[in-house]
Amino acid sequence: MNHTLEGLNTEQQEAVCHFEGPLLILAGAGSGKTRVLTNRIAWLIEEKQIKPWNIMAITFTNKAAGEMRERVNRLVDFGAESIWVATFHSTCVRILRRFIDRLGYGTNFTIYDGDDQKSLMKDICKRLNIDTKIYRERALLSAISSAKDELIGPEEYRIRAQGDFGKMKTAAVYEEYQRQLKQNNALDFDDLICKTVELFQENPDVLDYYQEKFRYIMVDEYQDTNTAQFRLVSILASKYRNLCVVGDDDQSIYKFRGANIGNILNFEQFFPDAKVIKLEQNYRSTQNILDAANGVIANNSGRKEKTLWTANGKGEPVRFRKFSTAYDEAEFIAADISKETAKGEFSYKDCAVLYRTNAQSRLFEEKFLLSNIPYRLIGGVNFYARKEIKDLLAYMKTVDNARDDLAVRRIINVPKRGIGATTIARIQDYAASHDMSFYDAMKQAGEIPGIGRGGSRVAPFVSFIQTLRSKMEFYSVLDLLHDIIEQTGYVRELEAEDTDEARERIENIDELINKAAAYEETQEQPTLSGFLEEVALVADVDNLDEDDNRVILMTLHSAKGLEFPNVYLAGMEDGLFPSYMCIVSDDPGEVEEERRLCYVGITRAMKRLTLTGAQMRMIRGEQHFNKVSRFVKEIPEDVLTGMEKESRQEERKPYEEKAGNERESRLDFKKDYRKAREAFRARVFEPQQFQVKKADHLDYGVGDQVEHIKFGRGRVLQIVEGGRDFEVTVDFEKAGVKKMFAAFAKLKKV
DNA sequence: CCATCCACGTTTTTT
DNA sequence: ACGTGGATGG
């Protein structure tokens, strides 16, 4: 038998050996879908002699893409690297970097994240005199985002809005928002997809090029695609019709982000000749866990019927524990993990605590710190969303793309340059009336009326950026970053502050430096745009390191696609999960979406599953009293333990008895919390291989001939010992005199 | 132009 | 409870 079919069940084999035409694989949780996808790729290449560069596999997260890449590399001996394995977003970026000039954008466009979108929206509302009390930025942005997900452009939006006052306002905002983005040469996340669709629709030659290139297309997590993504895929596949999608309608949990569950439910209507294969054998969990999952999901309507089964045996029952407060809940989980790891039953990294909202993570962090349990928190504030990181990135963006007004304005007065709101407004007006970018207006600051002495402060900033830009000819991303840090004194300022918080920020900056170094190491052709793009497209889950022996804390959403031997689903309470919003909503579909989320959570567990809930917890500063989640009650009784003990547990731990001690210990705790937490966090950053360290000596001296990776040969003119690194001045034969930091320059003595 | 104080809303989930 | 953003005063 062909080795790509070895160890696969009948259905899996059938899916792997499907050659041409549309294919829908309905793959239940843990049914080995990634394996099927990767083996199919190998099979196409080996058995059907398909060229690797004609195959594309699309995923949603970088992590999934990375995993698939790795497996494909192992399976395919020759040409694995030319198989296109990427996320939707990075696929689109790659295409747009090449062809977006056809749509009137520059190919060095920047990508706006949520924060960027919000500040742009704030500007627009101000300019259009929109009262953000009535029309909130968030609401406007989400309306625009939904429109984009449905491929509705500003013009069409306006037409559809006729007669609706509120929507007409939104239409105006949408139009202006798109105009601004274009003027800033920027795209938001949704644009990445829909501009690519637009590009294909308006440029048959480009479309044809990619249709020829991607003759075999595979889409993972298909249930999460939105209308725009579906269109993108179907346009690409329309020529050769070799579209293979893998998904599970029961795991569709991204409706709020525009995911259209109809894409999977109606696949056979779009492609009447589609072959449909169901994978129902689960290789991950015990039968008890699957029974729990099946019991819950059975309460949803309109599903593609599937029943997971396994050959793994029943395993232990699913546990349910109810506590009087959320503190007790966290304490129990911490104690339980300590117990299990001490027994040697599970190691830390086998355990995951999953919850509905990010806010719930705090209590677990606290208890874990107290119990000395190493943990890794996924989600919350994204690393790249931190202020210090965004500041530095804004500098880099400004150097990369001078049309990105948002970035320029973010940093124009960071650090303080005495350029205030008034000056900024003047420049803004001037730029608007002369139809130029903010940055270009700054260059002519002298001519701006009423700018006064602000003008003299703007000039040095402009020349600073100009100098950086001219240095880019020979600078690496790392050089640039380091130069920015040095010249702005960003780190020096933080050092002077001498607070815990400042130290944390410096650590983050060091981590950014590491990322830049890692980027340069791993990329064959590192570019500034490339780095900024990579940074814009990473999610926190992508950084999950399997070898790291820590308990994982994350939301149910982030957990999709992962598996753990020992899983805790915390906060199983009506009002929290399913959330209050869904319960009161008149759309029953909302509770169904939560139920799918619960299904996802349950099916993450391999051996042991524990559900917990609290009767009382603080939510947004208010005490809430919740009932046990309806989802717990949907689990068949015979696989669940703990439900019956419910009432007795309540009695044993009356709230008042605990309250005094709890409060006291919490007070004590607050002092140490920050410190301990920092220490913990810091360790996450520590073991990376690209640590930038000051060398204790250099193996070259003044007068020596050295070689630089980019500039070639040169002679060392001067070496100055700085606080963080040696600053080396070299006279290069071709590139001239450069100053650089020894740790980054990697000079070699010749 | 900048620092400080207070009011408000925010959270359900994220590429 | 917490952070953000606006208003206010120096």
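Chain identifiers are assigned alphabetically (A, B, ...) following the order of the sequence lines, protein sequences preceding nucleic acid strands; residue numbering begins at 1 within each chain.
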I'd like to know if D574(A) pairs up with R630(A) as an ion pair, taking the criterion as any Lys NZ or Arg NE/NH1/NH2 lying under 4.0 Å from an Asp or Glu carboxylate oxygen. yes
Which residue in the set E594(A), E592(A), E593(A) passes side-chain hydrogen bond (donor to acceptor under 3.5 Å, both in side chains) when paired with R596(A)? E593(A)
To the nearest Å, give me how far apart NZ (K148(A)) and P (dT15(B)) are. 18 Å
Aromatic ring pairing Y210(A)/F200(A), orientation class (parallel under 30°, perpendicular over 60°, tilted between): tilted
Centre of F631(A)'s six-membered ring, under 6.0 Å away, within 45 degrees of the axis: is that where NZ or CZ of R595(A) sits? no
Which of dC1(B), dT14(B), dA1(C) is nearest the side chain of Y254(A)? It is dT14(B)
Is R617(A) close enough and on-axis enough to F323(A), meaning under 6.0 Å and within 45°, for cation-pi? no
Could you check how far CG of D224(A) sits from C1' of dT13(B), rounded to whole Å? 12 Å
Looking at R410(A) and D116(A), is any side-chain nitrogen of the basic one under 4.0 Å from a carboxylate oxygen of the acidic one? no
Whole-Å distance between dA1(C) P and L363(A) CG? 13 Å
Please work out if N413(A) contacts a base, only the sugar-phosphate, or nothing of the nucleic acid, heavy-atom cut-off 4.0 Å. sugar-phosphate
In this structure, how many angstroms lie between the P atom of dT14(B) and the CD1 atom of I253(A), rounded? 9 Å
Tested for side-chain contact (heavy atoms from CB on, under 4.5 Å) against Y355(A), the lone hit among L569(A), L553(A), L363(A) is L553(A)
Holding to side chain to side chain contact (heavy atoms under 4.5 Å, CB included), I want the full list of residues that pass it with Q178(A), two or more places apart in sequence or in another chain. Y105(A), K148(A), P154(A), Y174(A), L181(A), D191(A), K195(A)
Please write out the pairs of protein N or O atoms and N or O atoms of nucleotides 3-10 of chain C separated by less than 3.5 Å, giving the distance to one decimal.
none

So do the side chains of K560(A) and Q251(A) get within less than 4.5 Å of each other, counting heavy atoms only? yes
Would the number of heavy atoms belonging to other residues, nucleotides or ligands and lying under 6.0 Å from CZ of R138(A) be above 12? no
Can you name the residues that form a side-chain hydrogen bond (donor to acceptor under 3.5 Å, both in side chains) with Y599(A), not counting sequence neighbours? none
To the nearest angstrom, how far is R417(A) atom CZ from dC1(B) atom P? 15 Å
Please state whether the phosphate of dT14(B), meaning OP1 or OP2, lies under 4.0 angstrom from any side-chain nitrogen or oxygen of T61(A). no
Can you tell me how far apart NE2 (H557(A)) and CD1 (I378(A)) are? Round to the nearest 0.5 Å. 16.0 Å
Value in whole Å for how far the P atom of dT14(B) lies from CG of D149(A): 16 Å
Can you list the stems that DNA chain B is part of, where a stem is at least 3 pairs in a row, each Watson-Crick or G-U, with both distances below 3.5 Å? B:1-10 with C:1-10
Find every protein N or O atom lying less than 3.5 Å from an N or O atom of nucleotides 5-7 of chain B, and list the pairs.
none

Let me know which of Y222(A), Y254(A), F88(A) forms a ring-ring contact (aromatic ring centres under 6.0 Å, His included) with F60(A). F88(A)
Within the structure shown, what part of the strands sits under 4.0 Å from S558(A) by heavy-atom distance: base, sugar-phosphate, or nothing? sugar-phosphate
Write down the distance between CD (E533(A)) and P (dT15(B)), rounded to a whole number of angstrom. 16 Å
Identify whether a stacking contact exists between F256(A) and dT13(B), where the ring centres must be under 5.5 Å apart and the planes under 30° apart. yes
Using atom names, set out every protein N or O paired with an N or O of nucleotides 8-12 of chain B below 3.5 Å, distance rounded to 0.1 Å.
residue, atom, partner, partner atom, Å
dT11(B), OP2, R138(A), NE, 2.8
dT11(B), OP2, R138(A), NH1, 3.4
dT12(B), OP2, R620(A), NH1, 2.7
dT12(B), O2, R356(A), NH1, 2.4
dT12(B), O2, R356(A), NH2, 2.6
dT12(B), O2, E594(A), OE2, 3.4

Hey, which sits more toward the 5' end of DNA chain B by its nearest nucleotide, Q117(A) or I424(A)? I424(A)
Whole-Å gap separating C1' (dT15(B)) and CG (L232(A)): 14 Å
If you draw a 6.0 Å radius around NZ in K387(A), do more than 12 non-hydrogen atoms from other residues or ligands fall strictly inside? yes
